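Okay, structure first, notes after.
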Amino acid sequence: MRNLAVLTSGGDAPGMNAAIRAVVRTGLSHGLNLWGVYQGYSGLIEGNFKRLGARDMGSIIQRGGTVLGSARCPEFQTEEGRELAVRRLHGAGIEGLIVIGGNGSQSGAHALNQMGFPVVGVASTIDNDLYGSDITIGVDTALNVALNAIDNLKVTASSHRRALLVEVMGRKCGYLALMAGIAGGAEAIVLPEVDVAPEQIAQRIQDGYERGKPHAIVVVAEGARYNAEGLCQYFKEHGLLIGFEFRSTVLGYVQRGAAPTCADRLLGTWLGSSAAEQIIAGNTGVLVGTSKGEIITTPLTEVAGRQKPLPSWFLKAAEMLAR
Ligand code: ADP
């Protein structure tokens with residue numbers, strides 16, 4: 001292999017830049033030409049490629065987001081779109097591609113690999129729902145942002161004896177809500193994976209009020225049956241939560257944009273560099289992730305369309321610890 005390309009796709013995640021940098025510099029150290037594909041799969045279809053040198057990767061490790069840009073590209077989900085992408089890659093003399101992204105992006109990587117183009121995926125999503133890695137790039141930073149917000153909200157909630165419903169990201173996956181909720185000492189955690197009636201949540205908060213709690217923090221995953229505002233509305237309409245005054249807060253995109261933590265810079269570097277080594281060694285059609293402190297590769301056929309379950313111990317602990 002002489003020419004290797006890298007792209008970032010789907011939702012951006014802090015630590016993606018560390019991964020790009022590691023791919024590029026590892027590839028260069030093996031004597032390859034490195035190419036950046038801009039704006040994810042859209043850039044692949046448009047042929048938006050640029051040669052990258054070691055200096056292009058200077059001072060990016062500490063930055064959130066992705067210097068290559070990212071996009072959601074419906075055209076890539078069509079066969080014609082992917083065929084055009086493969087023609088663009090061949091046209092530029094590129095012989096291998098590294099895809100840094102989450103679930104949807106790795107399904108795209110799998111589809112491309114099935115067309116005979118060598119691809120290696122890098123596990124990167126703040127949702128941590130990707131099968132094939134214990135932890136993914138961006139999770140630690142997003143969790144810390146959510147946790148700081150929860151800590152701050154708890155202070156003001158206590159001053160006013162309020163119940164605050166805090167909505168955190170994670171489309172179909174409650175990982176961020178579960179872990180930030182436990183680490184933040186939330187009174188209740190509402191997840192898409194566990195369907196709980198709003199009456200039950202209200203009862204739990206009310207019980208806390210009656211036991212003299214100064215506040216209630218409810219961490220709600222955005223993909224749950226009722227989001228934070230939806231729950232507030234429901235409580236109002238049904239006259240629930242008589243004790244506390246209540247408010248909702250949506251953390252939204254602030255969870256994505258933060259500078260990567262040390263853990264995410266190291267993970268991005270480790271996975272990015274390992275992905276370059278795997279593709280150079282000819283181990284393609286795999287996702288590079290980590291398990292039990294080691295690098296692992298999982299065939300993209302097993303990764304595509306699969307969601308990693310929530311960690312069962314924490315799921316049980318959430319119930320037990322919110323007393
Ligand atoms: P993430 O990778 O963060 O989960 P998305 O789910 O939005 O983000 O996926 C990113 C992009 O990956 C999509 O816009 C699309 O271009 C591509 N993609 C997603 N699913 C598939 C699929 N089944 N086949 C081909 N491409 C896909």
Side-chain angles (χ1 to χ4, degrees), residues 5-17 19-20 37-48 64-66 68-89 97-133 135-143 168-176 192 221-223 252-253 255-257 260 264 267-268 271-272 275 285-289 298-309:
V6 55
L7 65 77
T8 49
S9 166
D12 64 332
M16 277 182 160
N17 284 328
I20 298 165
V37 178
Y38 286 80
Q39 307 303 330
Y41 291 127
S42 304
L44 213 51
I45 287 170
E46 288 157 14
N48 192 357
T66 157
L68 294 178
S70 188
R72 295 207 152 95
C73 173
E75 205 186 335
F76 195 72
Q77 285 174 268
T78 67
E79 214 167 303
E80 304 81 70
R82 290 195 297 274
E83 276 165 6
L84 182 52
V86 171
R87 282 204 296 280
R88 295 280 195 201
L89 285 163
L97 176 70
I98 293 191
V99 173
I100 303 169
N103 258 327
S105 305
Q106 300 308 336
S107 293
H110 174 53
L112 200 58
N113 195 73
Q114 291 226 303
M115 295 168 74
F117 196 87
V119 184
V120 167
V122 172
S124 178
T125 163
I126 65 165
D127 298 338
N128 204 23
D129 58 350
L130 193 57
Y131 182 82
S133 196
I135 188 99
T136 52
I137 297 167
V139 173
D140 186 65
T141 308
L143 268 180
V168 304
M169 278 190 160
R171 282 173 294 176
K172 281 175 267 161
C173 177
Y175 184 89
L176 283 183
E222 69 176 344
Y253 289 103
Q255 290 157 100
R256 285 196 185 280
D264 275 327
L267 184 65
L271 297 190
V286 295
L287 176 81
V288 172
T298 308
L300 287 169
T301 38
E302 290 175 31
V303 173
R306 198 155 165 188
Q307 185 168 334
K308 185 170 64 179

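When reading the values below, keep in mind they use all heavy atoms of this one structure, side chains included, and skip hydrogens, waters and symmetry mates. Note that ligands are numbered from 1 as they come in the structure, with each ligand's atoms numbered from 1 the same way. What you are looking at is a predicted structure, and each value in this text was computed from that prediction instead of being measured.
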N or O contact, Gly101 vs ligand 1, cut-off under 3.5 Å: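 Between Gly101 and ligand 1 (N or O atoms, distance only) the closest approach is not under 3.5 Å.
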N or O pair under 3.5 Å between Ser105 and ligand 1: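 Such a contact does occur with ligand 1.
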In the protein, which heavy atom is nearest to [atom], and how far is it?
atom	result
atom 20 (N) of ligand 1	Gly104 O, 3.4 Å
atom 26 (N) of ligand 1	Gly108 CA, 3.3 Å
atom 3 (O) of ligand 1	Gly11 N, 3.1 Å

Numbered atoms and elements of ligand 1 in range of [X], under 4.0 angstrom, heavy atoms:
X	result
Ser107	20 (N), 21 (C), 22 (C), 23 (N)
Asn103	2 (O), 4 (O)
Tyr41	12 (O), 16 (O), 17 (C)

Checking the side chain of [X] only, and the main-chain atoms of [Y] only, is there a donor and an acceptor separated by less than 3.5 Å?
X	Y	answer
Lys172	Gly223	no
Gln255	Met169	yes
Tyr131	Pro309	no
Asn17	Gly64	yes

Nearest option to [atom], as decided by whichever heavy atom of [options] sits closest:
atom	options	answer
atom 7 (O) of ligand 1	Gln77, Arg72, Glu75	Arg72
atom 14 (O) of ligand 1	Ala109, Cys73, Gly81	Cys73
atom 8 (O) of ligand 1	Pro74, Gly10, Ser9	Gly10

Ring pair (Phe, Tyr, Trp, His ring centres under 6.0 Å) partners for Tyr38, two or more places apart: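 For Tyr38 there are no ring pair (Phe, Tyr, Trp, His ring centres under 6.0 Å) partners, ignoring immediate neighbours.
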Stepwise side-chain contact (heavy atoms from CB on, under 4.5 Å) test for Ile45 and Cys73: CA-CA 9 Å; Ile45 287 170; Cys73 173; 3.9 Å; yes
Proximity of Glu79 to ligand 1 by residue part, where a heavy atom lies under 4.0 Å: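 It is neither; nothing of Glu79 touches ligand 1.
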Any Asp140 side-chain heavy atom under 4.5 Å of Ile135 side chain: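 Not touching, per the 4.5 Å side-chain cut-off.
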Side chain to side chain, Leu130 and Lys308, heavy atoms closer than 4.5 Å: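 When only atoms from C-beta onward are counted, Lys308 and Leu130 do not touch, as no gap falls below 4.5 Å.
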Residues Leu44, Leu97; criterion side-chain contact (heavy atoms from CB on, under 4.5 Å); working and verdict: CA-CA 10 Å; Leu44 213 51; Leu97 176 70; 4.0 Å; yes
Close approach, Lys172 and ligand 1, non-hydrogen under 4.0 angstrom: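 In this structure, Lys172 fails to qualify as a contact of ligand 1 - no heavy atom is under 4.0 Å.
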